[in-house]
Amino acid sequence: MKDCLVFEVNGERFEVPEVEPSTTLLEFLRSRTRFKSVKLGCGEGGCGACVVLLSKYDPILKKVEEFTVSSCLTLLCSINGCSITTSEGLGNSKDGFHSIHQRFAGFHASQCGFCTPGMCVSIYSALVNAEKTERPPASPGFSKLTVSEAEKAITGNLCRCTGYRPIADACKSFAADVDLEDLGINSFWRKGDKKEVKLSKLPSYNQNDHAGPVFVDEYKSRRLLNSEKHSWYSPETIEELQNLLHSDINENFTRIKLVVGNTGNGYYKETEKYDKYIDLGYIRELSVVREDNSGIEFGAALSISKVISYLKDNSNANVVFTKIADHMEKIASGFIRNSASIGGNLVMTQRKYFPSDIATLLLAVGSSVTILTGHKHEKVTIEEFLCSPPMDPTSVLLSVHIPFMEPIRLDVPVQTNPRLLFETYRAAPRPLGNALPYLNAAFLADISCTETGILVNYVQLAFGAYGTKYATRARKVEEYLKEKILSVRVVDEAVRLVKGDVVSEDGTSHAAYRSSLAVSFLFEFLNSFATAGSISTGSSKEFNGSLLEGAAKSNNDWKISQIENQPLLSSAKQVVESSKDYYPVGEPIPKFGAAIQASGEAIYVDDMPSPSNCLYGAFICSTEPLARVKGISLDSNSQSAEVATVITVKDIPKEGENVGSMAMFGSEPLFADDVTRFAGDLLAVVVAETQKHANWAAKTAIVSYDTDGLGPPILTVEEAVERSSFFDVPPFLYPQEVGDFSKGMAEADHKILSAEIKLGSQYYFYMETQTALAIPDEENCMVVYSSSQCPEFAHRVIAKCLGVPDHNVRVLTRRVGGGFGGKALKAMPVAAACALAAHKLRRPVRIYLDRKTDMIIAGGRHPMKITYSVGFKSDGQITALHLDILINAGITSDISPIMPSNMMGALKKYNWGALSFDIKVCKTNHSSKSAMRAPGEVQASFIAEAIIEHVASFLSVEVDSVRNRNLHSYESLKLFYGGASGEHTEYTLPFIWDKVAKSSSFEERIEIMEQFNRSNIWRKRGISRVPIVHEVFVRPAPGKVSILWDGSIVVEVGGIELGQGLWTKVKQVTAYALSLIECEGTEELVEKVRVVQSDTLSLVQGGFTAGSTTSESSCEAVRLCCNVLVERLASLKNNLKEQMGSLKWDVLILQAHYQNVNLAVNSFFVPDSSSTKYLNYGAAISEAEVNILTGETKILRTDIVYDCGQSMNPAVDLGQIEGAFVQGIGFFMLEEYLSNSDGLVVADSTWTYKIPTIDTIPKQFNVEVLNSGHHKNRVLSSKASGEPPLLLAASVHCATRAAIKAARKQLKCWGGVEGTADSTFQLEVPATMPLVKQLCGLNTVETYLQNLLSR
């Protein structure tokens, strides 16, 4: 027995004599060790940023187990005697990078880098465990891992930057069955290299790369942490557990927490403190598997992963066990299943009504559980367990029993052998888990083939997660089907009955959809019986069931693909063309810093060590949209020594201002004054000794409100119109109309009047939440480290807030862990609050927002309502368009006045004939909406496509023909875009439009798709080609280049490295521009360049890093500096060359220093009027497949051709194109940023907000970065890539709409009411599963069956 916690991290031993038992492994690693690669992304086990490898000696199996866990949930005390490996432990810049790090860098798989260490550990764990298998040895350079396993290793890891394709390639490069030809662009080999050459250039991999920790005898012995000091106990027997649960200590309401993996805390956040923690992991009875003639009994403390492994390894062709295991692999993610226990899942379900998949599976097969209550062991069925009152805190679930299932032999004449059929179902936003289901189900059936057809001996039908407290059996359906001969009429009655059995509770979201899913799953299950024999129609006529069988096959194809471990992604093409004109500009070199991002050595704001005496802050936010704040009080448990103070508007110095952010259109208050103006308004910041204490105090703070005399808040754009609540748009920003709308409408053959579109918001979901660190300095100065896209404006805000001169403030930003516009204005209040607290308390203060708070205050993309009227000819030529647009800007102007201009810049991509509009920017009682990647442009580009789709539907013609007819000629382009159009040769869209069609075999695939739709009842496909014209503005930018004594170069730029490769391009341009001095050694200059962090006192006028053009502006600023340096060095170079003959770079620079040549240059690039704006072009073709039974959409393929001019770095631009497109998929297909009736964000976690994952991106993702040659007004002929490709994701939405159209056409043929309307329908954004299913028909199955019966 020990009371000192002992473990290892990356081979270093840690002895912890005292620790608060609720401390997580993540907290310890980040606050008490030098290892900062583990990042806090969500605190819920939902993102993978904090994944570590845990190595644990199993004394029963006498071997070391190694598996990933989520360190944000794993309690530190539970890793006693274990070894932890983080990404730093695999390799680093000092000792050498691991091949994983090198391959992530070389495959361009890291952009902002915040998620990369977690990704690296996930694939490392997969490699480690693959080597332990008995598979044959892999070829040199590869592992035993399969491609499928490599992809699935990262299914629980989120990335917001890359689009996942390059990450998958980096992981697959280790797989034994990989075809290197299938891997995408990388820095290791060139196109056309032979396999042997490729393999030789790939960073070497061998099994010794993961020898693993050496467990000394001390760790092999059973180290039990039992400490009253820690309040942590590790009983070894049930008896010891009983004594702990019922000892005298537990009187006076002692709060006990039973611990295995603590993963439940990711969903149900702790709102109370516990007096005693009991670790169940050492009780042998709870961690063993017993098997007898009746079935298998699993100890309740076994991890879900171990249960899966046992069921798979011991299934002996038992279909029930195999399918339970397959389904369990879709629960949560691997690193959660590795620590979450089967018992914990069931107890959470029983006590708190968690929507469990496991409970449903166990219910279907008649499982039972054993419970310890006091000294009494009780075995009850899973159904009795779920229906019982919530378990007492001192009761313990001991084991779970899954029975062996055998078919029943009935005394039926001419009966073939009975068969047992078992199937499980799950509908969720992500196919491979890491998402709660809308509905889950598990069905068991015993059937026999008789002379008259298929006899259903009995069935057990379990449904769960549909809006009831726990999983239930569909008893009426079971009774009805028992001993029935299957027929269409029987199936029809069964699906009718199931709708009565599966009924969601009031208030459940998507209740009708969930009911429809229950019908679909039952229908699919009963159809699978068709393979066992013929089905009777229930009358004298019989048929072979081909229609039903076809339906079953259609869906089973979809399911089998998951079971058979096929790869998620197929091979893809990346076509890039390097340019040598400005070498090394144009080379696809790896992103600067990618390797240290992978190893976890890259420093983000929250990775900086806390200064001594540092305090931590957390915001208290309003929950009311418009109310008077009467008072704020902390919960009594929070009023401890750990909480320093609460900072409010009253603490702003009298010389200062209540300002939290500012832009060109005005400022926003830091704190609500007497009245809170929206739900999420900042009321105060709690400052405490630790971030945990600050978060706890803020979460439990009590705010009292009063609404007397305030009137109602404005919560919709319609209310804003009624009350004339608008922000002014400066006339110079309001776009110009084109042509005469009345004349255009008069010329039209047809008109669509007052059609409506509504678009919702989107959350940034940068992996690093808002963060800042403020350190008081001498002479009333303040140094602030901020994760910001515009440190210059943060600097000004802080100075105004504190009431000090600007020179008393210094803001530093090295790198940002994802921005997308959300780290611009929205980062400023965090920096300002830190500075204000530090100023008042004269101590350093830092804030790292928890994900929930970040999501509540972020604002996000602008929601809007659009009403349009359009006139058009019979051939589809549009003659006039008018738009009324109401933009929900929220409570302050932020950047909202630029939205009209942005929107028209993207909407004018088609020739509308005449274009008029009335755009109002509405002021509402919501959080201020801000810039999010392609703000306004993505909405406008979609509006254009929705109008084109509507016109095509109205005319009953192919939508692609309408797009074709309305593409711009160069003349109409000039009419709509004016000077931004450029030269005729720069208008590449017609070429791109044809090229993407040809390279993707567009016309041929349309025919194949139509044939598919004719052949498949329950799956339909659609394909769509979409163009973009995206106007961008080139911003001014500063630069500074200094050459040091040894010839190395230091560069400062105003642009911030967000992951977009800005620093990489700057390095390349610096090397090119200085190489014009023409001396030896300049060809390697790129390795001598270092770009350093932004410092607002060193380089002023940094501006905003936004709008896609900051990289090129920064590059041009640097080039101007280099031109001056080359000019200064020219005469010296000529003199030295005359004396020496040849001249090396470092000799020239050394001599320049000796001769007092000024080798530091500042510049400020301001684009001239002819090049301040230009147009970007691209086109995409996407093909999608819709499952009519569930509403799931799979993106089968996407082909993109995008014009980057002469790309400065094709690999970087390719990453921007793919990442932007996948973020667009999130907006169009997945992400619902929902608020309640008061405007308070309720989609505030990884549980409720789903960004794309590797299993939701295009299965085949082909991208060509078009090199369109010389562009005289562009920086080195380059064009932007950061935002425009996001707009192309509308192609997925349009393809989905086409698939739905095919489904509705089929439904209409069956006589379905839902399909009888014309083909005009609106597919909203995002096109989630419930929405797609609703448009395909919630009653499709019933309609289909009625159609069969009517024949």
Side-chain angles (χ1 to χ4, degrees), residues 151 155 158-160 162-169 184 427-432 434-435 557-558 561-562 566-574 938 942 945 996 1000-1002 1005-1006 1008-1009 1012-1013 1016 1019-1026 1178-1188 1190-1202 1217-1231 1250-1263 1285-1303 1323 1325-1329 1331-1333 1335-1336:
E151 291 174 334
T155 51
L158 301 185
C159 172
R160 193 54 150 168
T162 64
Y164 298 100
R165 197 271 317 154
I167 297 173
D169 280 354
R430 294 173 179 156
L432 292 188
N434 209 16
D557 287 344
W558 166 71
S561 67
Q562 305 300 332
Q566 295 176 358
L568 295 172
L569 309 177
S570 59
S571 63
K573 292 183 301 181
Q574 295 87 45
V938 66
F942 170 76
E945 297 307 331
V996 74
S1000 66
S1001 305
F1002 182 48
R1005 284 167 57 207
I1006 289 174
I1008 294 168
M1009 178 201 74
F1012 178 90
N1013 287 345
N1016 288 268
R1019 289 183 297 160
K1020 299 296 179 186
R1021 291 180 179 175
I1023 191 167
S1024 181
R1025 175 170 56 160
V1026 165
I1181 293 174
S1182 290
E1183 185 175 2
E1185 180 179 291
V1186 165
N1187 183 322
I1188 294 175
T1190 64
E1192 184 195 24
T1193 302
K1194 284 202 296 187
I1195 309 168
L1196 302 178
R1197 176 173 170 176
T1198 290
D1199 294 81
I1200 295 173
V1201 178
Y1202 183 79
I1217 293 166
E1218 292 180 331
F1221 185 86
V1222 170
Q1223 196 168 81
I1225 289 173
F1227 175 66
F1228 286 115
M1229 303 301 294
L1230 292 166
E1231 299 174 34
K1250 297 300 178 186
I1251 69 170
T1253 42
I1254 190 174
D1255 52 343
T1256 55
I1257 68 170
K1259 185 173 175 63
Q1260 186 177 353
F1261 198 178
N1262 304 318
V1263 180
L1286 189 145
L1287 280 56
L1288 291 170
S1291 61
V1292 174
H1293 191 273
C1294 293
T1296 304
R1297 189 183 187 282
I1300 294 169
K1301 186 176 178 181
L1323 177 60
V1325 175
T1328 57
M1329 291 174 70
L1331 191 59
V1332 171
K1333 172 62 176 161
L1335 288 172
C1336 288

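Positions are given from 1 along the sequence.
- Nearest heavy-atom pair, G163 versus I1257, reported as atom, atom and distance to 0.1 Å: O-CD1, 3.4 Å.
- For Y164, there are no side chain to side chain donor-acceptor pair (under 3.5 Å) partners at least two apart in sequence or on another chain.
- In this pair, F942 and F1228 present their aromatic rings tilted. The plane angle is within the 30 to 60° band.
- To the nearest 0.5 Å, the span separating CG on D1255 from CG on L569 amounts to 9.5 Å.
- For P166, the side chain to side chain contact (heavy atoms under 4.5 Å, CB included) partners are A109, T162, E1218, not counting sequence neighbours.
- What you find for C1294 and E945 is that their closest heavy atoms are SG-CB, 4.1 Å.
- Atoms CG and CD, from L568 and E151 in turn, are 4.5 Å apart once rounded to the nearest 0.5 Å.
- Residues satisfying the ring-ring contact (aromatic ring centres under 6.0 Å, His included) criterion with F1227, sequence neighbours excluded, are absent altogether.
- The distance from atom NZ of K1333 to atom OG1 of T1328, rounded to the nearest 0.5 Å, is 13.5 Å.
- Using a 4.5 Å heavy-atom threshold, the side chains of T1253 and T155 count as separate.
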E1185 vs N1013, side chain to side chain contact (heavy atoms under 4.5 Å, CB included): CA-CA, chis, key distance, verdict:
CA-CA 10 Å; E1185 180 179 291; N1013 287 345; over 6 Å; no
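- Looking only at side-chain heavy atoms (C-beta outward), I1225 and P1258 come within less than 4.5 Å of each other.
- For the pair V1263 and Y1202, the minimum side-chain heavy-atom distance is 4.5 Å or more.
- F1261 is listed as a side-chain neighbour of I1200, based on a closest heavy-atom distance under 4.5 Å.
- A side-chain donor-acceptor contact under 3.5 Å links N1187 to the backbone of T1190.
- Listed by chain and residue number, S1182 satisfy the side chain to side chain donor-acceptor pair (under 3.5 Å) test with T1198 (two or more places apart in sequence, or in another chain).
- When all heavy atoms of A1299 and A1184 are compared, the closest pair comes out as CB-O, 4.4 Å.
- Considering NZ of K1194 and OG1 of T1296, their distance stands at 13.0 Å, rounded to 0.5 Å.
- Scanning all heavy atoms of the two residues, the minimum distance from Q574 to G184 falls at OE1-CA, 2.6 Å.
- In terms of the side chain to side chain contact (heavy atoms under 4.5 Å, CB included) criterion, residue partners of D1199 (sequence neighbours excluded) are, by chain and number, V996, S1000, R1005, R1197, N1262.
- Cation-pi geometry between R1021 and F1012 is met: under 6.0 angstrom from the ring centre, within 45 degrees of the axis.
- Applying the side chain to side chain donor-acceptor pair (under 3.5 Å) test to N434 and every residue at least two apart in sequence or in another chain returns nothing.
- For the side chain to side chain contact (heavy atoms under 4.5 Å, CB included) test, residues two or more places apart in sequence or in another chain that qualify with S570 are K1259, Q1260.
- Minimum heavy-atom separation, I1188 to C1336: CG2-CB, 4.2 Å.
- Residues passing the side chain to side chain contact (heavy atoms under 4.5 Å, CB included) test with I1008, sequence neighbours excluded: none.
- Taking both residues in full, the closest heavy atoms of S1291 and A1180 are given as OG-CB, 3.8 Å, listed atom of the first, atom of the second, then distance.
- Here the OG1-CG distance, from T1256 to L1230, works out to 5.5 Å after rounding to the nearest 0.5 Å.
- Residues satisfying the side chain to side chain donor-acceptor pair (under 3.5 Å) test with K1250, not counting sequence neighbours, are none.
- I1254 CD1 to R165 CZ: the interatomic distance, rounded to the nearest 0.5 Å, is 11.0 Å.
- Taking E1231 as the reference, R160 meet the salt bridge (Lys or Arg N to Asp or Glu O under 4.0 Å) condition, with sequence neighbours excluded.
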